[in-house]
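Single-structure report; data block below.
Only a predicted model underlies this, so the values are computations on that prediction, with no experimental measurement involved.
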Amino acid sequence: MMKKQILTATLALTISCSSLPILPSALQTTEVAAATVSQQAVNQKADQIIATGKSLIGKATYSNTQYKPTAPYKFSCASFLMYIFEKNGVDLGTYNEDYMLKQGKAVSRSQLQKGDLVFFKSKKTGTDPDHVGIYIGNNKLLHMADTKQNIVISDMNSKPYYKDNYYAARRVLPSLMTANPASTGEKIVDKALLYKNSARIGTANVAAQKRFTAGGYVQYVLSQSGVKINTTVLSEQMKLGTTVARNNLQKGDLVFFSSAKGSKNPSLVGIYAGEHRIILPTKDGVITRLLLVDYYKDRYITAKRITK
């Protein structure tokens with residue numbers, strides 16, 4: 001149901017599923033501030049996300065080849081969730097249900113809460129989930145089901161599919177949310193995401209027009225969050241702060257990549273946003289991706305913590 005390729009106007013994303021419900025420790029990262037997000041805030045955020053999803057019932061159709069976030073909407077099961085989360089300020093950073101399975105923390109079916117991601121696997125081989133929806137309470141699931149049903153609310157006891165193919169659940173709220181009060185790292189992430197759709201990345205830095213080089217964008221976002229650095233050059237930025245291990249990244253850390261495998265010369269910088277997500281200033285604009293993607297795993301150089 002979910003093995004597919006999503007096409008956008010500017011980017012073709014290949015969806016592949018390769019994951020396990022329980023993550024190896026090497027892939028886990030520390031989310032320092034998540035515990036300070038109140039349950040009330042989590043419930044409110046879940047309600048907002050669910051309301052957005054319900055508002056699209058009858059307005060969106062299923063597609064595993066096209067992502068269209070404007071009317072007439074077209075979503076796969078995973079891109080539907082990405083859309084409704086992002087519309088409410090929570091950036092999952094991926095169209096892929098297998099990568100979603102590696103975010104947040106595992107929860108049992110008996111402990112599901114509103115906002116949890118619920119995964120199903122009908123294939124008899126492999127370890128890939130092939131469907132995902134959002135739990136909305138009372139044993140019900142909101143999801144982009146298929147080409148016949150499109151977006152529906154389903155009782156998870158209503159059909160054998162939900163019992164027989166239930167695979168796992170992950171709680172991504174509150175780990176993808178900003179604590180109150182926000183840490184400096186969270187402020188950096190929030191600023192970076194704020195300019196995601198407005199900043200243009202090129203060869204010049206003109207802050208008044210939101211035009212930046214990659215290094216200039218990082219410098220600007222940091223300055224807007226109260227952190228001053230005096231260079232826009234990536235090789236110089238890579239010398240700043242304290243080196244941190246990849247499995248100990250925190251929100252706001254700078255992550256550097258090369259254009260070629262094995263190279264130590266940085267050509268790309270990202271701001272770590274938690275749960276494997278990186279906010280990247282590229283020639284196509286500011287995008288969110290996951291460190292789990294092979295391209296970034298293979299070209300990773302180092303990470304620096306500029307904040308204290």
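- Looking only at atom types and distance, the side chain of Asn64 has no donor-acceptor partner in the side chain of Ser76 under 3.5 Å away.
- For residues 171-198, the pairs satisfying ring pair (Phe, Tyr, Trp, His ring centres under 6.0 Å) are Tyr195-Tyr220, with sequence neighbours left out.
- Cation-pi geometry between Arg246 and Tyr300 is met: the NZ or CZ atom falls under 6.0 Å from the ring centre, inside 45° of the normal.
- The heavy-atom pair separating Arg305 from Asn248 by the smallest distance is NH2-O, 2.9 Å.
- A donor-acceptor pair is defined here as one N or O able to donate and one able to accept, closer than 3.5 Å; such a pair exists between the side chain of Arg170 and the backbone of Gly104.
- Nearest heavy atoms, Asn139 versus Tyr135: N-OH, 2.8 Å.
- When atom types are taken as modelled, the side chain of Glu97 and the backbone of Phe119 share no donor-acceptor pair closer than 3.5 angstrom.
- Remark: the Ser122 side chain and the Asn165 side chain contain no N/O donor-acceptor pair separated by less than 3.5 Å.
- At a cut-off of 3.5 Å, with distance as the only test, a side-chain donor of Tyr162 or Ser154 sits close to an acceptor on the other residue.
- Using modelled atom types and a 3.5 Å distance limit, the side chains of Ser183 and Lys251 yield no donor-acceptor pair.
- In this structure a side-chain-to-backbone donor-acceptor pair under 3.5 Å is present from Asp146 to Lys148.
- A salt bridge is absent between Asp253 and Lys304; no separation between the charged side-chain nitrogens and carboxylate oxygens falls under 4.0 Å.
- Geometric assessment of Arg299 against the ring of Tyr295 yields a positive cation-pi assignment under the 6.0 Å and 45° thresholds.
- Ring pair Phe75/Tyr67 is tilted by interplanar angle, where 30° to 60° counts as tilted.
- Taking the six-membered ring wherever Trp is involved, the centroid distance between the rings of Phe120 and Tyr161 falls below 6.0 Å.
- Glu86 and Lys196 are joined by a salt bridge, as a carboxylate oxygen and a charged side-chain nitrogen come within less than 4.0 angstrom of each other.
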